There are 2 protein chains.
Amino acid sequence: MDQALVEEIRERLDEFTTTERRAAQALLANFPLLGLQTVAQFADAAGVSSPTILRFVARLGFPGFPEFQRRLKFELENQLKAPLARDLALPSGDTGCGNAFADKLVENLRETFQHLPEREIEAFVRLLADERRTVYLLGGRFTDALARYMAAHLRIVRSGVHHMAGQESNWLDQLIGMGPKDVLVVFDIRRYQAGIVRFAEAAAKQGVTVGLITDSWMSPVARISQHVLPVRVAVPSPWDSSTALMAVAEVLIAGVTKENWQRSEQRMQALEALRNGADPVRPLESDDGEA
Amino acid sequence: MDQALVEEIRERLDEFTTTERRAAQALLANFPLLGLQTVAQFADAAGVSSPTILRFVARLGFPGFPEFQRRLKFELENQLKAPLARDLALPSGDTGCGNAFADKLVENLRETFQHLPEREIEAFVRLLADERRTVYLLGGRFTDALARYMAAHLRIVRSGVHHMAGQESNWLDQLIGMGPKDVLVVFDIRRYQAGIVRFAEAAAKQGVTVGLITDSWMSPVARISQHVLPVRVAVPSPWDSSTALMAVAEVLIAGVTKENWQRSEQRMQALEALRNGADPVRPLESDDGEA
DNA sequence: TTACGTTTGTATTTTTTGTTACAGAATTGC
DNA sequence: GCAATTCTGTAACAAAAAATACAAACGTAA
């Protein structure tokens, strides 16, 4: 038994009669769940009659519909691999969640969005969605991960996205090419890093539009930024929290994706195709390399 | 409708009667496929009678078994759909980066912590705080940024922290040295990456303790993990959200920092001194290279 | 156009499945 | 230790789903 009913169906598509093919395509469009419904529901969704479904299944070589479903479940099982939770014996215990830290995170998030000027977000999104501009992303010691994360997403929905990684000296190489048409997105929270500030100022001097995501105390980069999104970062811990930063980054990503959904969808599909065609495993763009 | 029947069942485990609990455990052990079989098969697999299954389902609040199955299928559907296929039903009109999205982020965060077994977090923290163990962090296409972020912090408060970056083939070099004394922290959300799963399994085979941070549908890595922290990731966007993942990562970081505050403080001071003495600007550990 | 084979849907039958009633077993409280 | 309550499985019942028979529709070739 080879593991791929989908493929078999797709391959044998022209063996079927006209209506049977309708059934097949409906199934492929919603695989495998449509096949796990009842015959009647399947038939209804495909716009054919029940017997057609049965004949379709029979032609695939199954003695009956239940056998067909058994096969679907079998394949699903392999795909999902049951999550064996060995600790479910643990009775729920105290609901806890009284975790002060967690509470603070939630509050930060709420506060952040409450005070975030919607207009600023929209403008920021439009800026990032404009494909005529090249986008550069820069983060600090800890926020570098966020710049990286945002770059990974933006790169999917648009071209011309660069994450500035590694040593400060390497950034300078990119600075040369930057101009008024470009955008620099900076993540910078306390303690503000001198190198970041320096770089942002240099970029601004070249006419680059700067967008800043920072904490409520505002990185000095704000002085030369066209767009500033202040975010709550304080938590009961020696560290500052990046959770709200991540949230804001995701709002921006979602915004850009939607701002030009046509383009986003096309690119996503193309990438998906590439991924499937080329190496199903894990290309993991090694990121930085785009220098 | 909150997206997590599994969680609800796990939480309400002690509301059930003895045999009903047997049914629940069987279902959790083989979720969600066992629930898609017939009542009789379900009952048989759980070693109870059919009516017990029906009573179990009824206690969960479903009017009948078919309705229960419909819910399972619904959740499965969301889990299986590629980002593109997921409905974009952004509440009409507004920017798409507006409040619906933000609200969902806040809700996700709250829900995540509500369902996170405090005990699991504590155990996870103790594991990570144990300096005799070497800690390896691994993430997927987007979650790599989180692994990186967590590594950057952990590295400050303890030694022996490795972030597995770049190509999958490079990870294997590290696999050689890993053993029962070590910990592998995996970030993996849908769509789960085959490479990650493979690596985690290989590590587990060598006796490595695996801790997993995943979405509520559970990466297959869960099967071989000692600690699993499920997190809410669904948002009204073609992407999944990493905000709650970031939050959980920060809870862990804060926990480890506090677990051995003496050591953490010392190391932080020492690092500060180094930073000031050597290069006040920005060393930005180029991360990966620590091998 | 007509005749024949194929394809398709309606209506019916048969089988399976979910559901419920009830009585025996286990547990709890007094 | 006994009674009341709760829990659990057997068995009968009702609902549904799958399978089938058959006739109408369609297409094709003479």
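Side-chain atoms are counted along with the backbone in the values below, which use heavy atoms only and exclude waters and symmetry mates. Because the structure is a prediction, the values reported are computed rather than measured. Just so we're on the same page: letters track the sequence lines, and every chain starts at 1.
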Angle of first-five versus last-five pair axes in the helix from C/dT1-D/dA30 to C/dC30-D/dG1, to 10 degrees: 30°
Check: A/Q269 side chain, A/S264 main-chain N or O, donor-acceptor pair, under 3.5 Å: no
Intermediate values then yes/no, salt bridge (Lys or Arg N to Asp or Glu O under 4.0 Å), B/E77 and B/K73: CA-CA 6 Å; B/E77 191 169 14; B/K73 284 175 195 161; over 6 Å; no
Heavy-atom donor-acceptor pair, A/R110 side chain to A/L105 backbone, under 3.5 Å: no
Length of the line joining B/E20:CD and D/dG9:C1', which is rounded to integer Å: 13 Å
Residues which pass salt bridge (Lys or Arg N to Asp or Glu O under 4.0 Å) with A/R263, listed by chain and number, not counting sequence neighbours: A/E131
Set of salt bridge (Lys or Arg N to Asp or Glu O under 4.0 Å) partners for B/E15, sequence neighbours left out: B/R12
Residues B/E168 and B/R198 bridged, charged N to O under 4.0 Å: yes
Test: B/R126 and B/E259 ion pair at under 4.0 Å: no
For chain B, the stretch of DNA chain C it reaches, first to last nucleotide, under 4.0 Å of its heavy atoms: C/dT17 to C/dT20
Backbone of B/E201 reached by a side-chain donor or acceptor of B/Q206 within 3.5 Å: no
Nearest-angstrom distance from the residue atom CZ of B/F56 to C1' of D/dT8: 16 Å
With sequence neighbours excluded, residues passing salt bridge (Lys or Arg N to Asp or Glu O under 4.0 Å) with A/R158: none
Residue mapping more 5' on DNA chain D - nearest nucleotide basis, A/R55 or B/T17: B/T17
Test item: B/R21 side-chain N/O and B/L13 main-chain N/O as donor-acceptor pair under 3.5 Å: yes
Base-contact (B) and sugar-phosphate-only (S) positions in nucleotides 14-19 of chain D, heavy-atom cut-off under 4.0 Å, - elsewhere: ---SSS
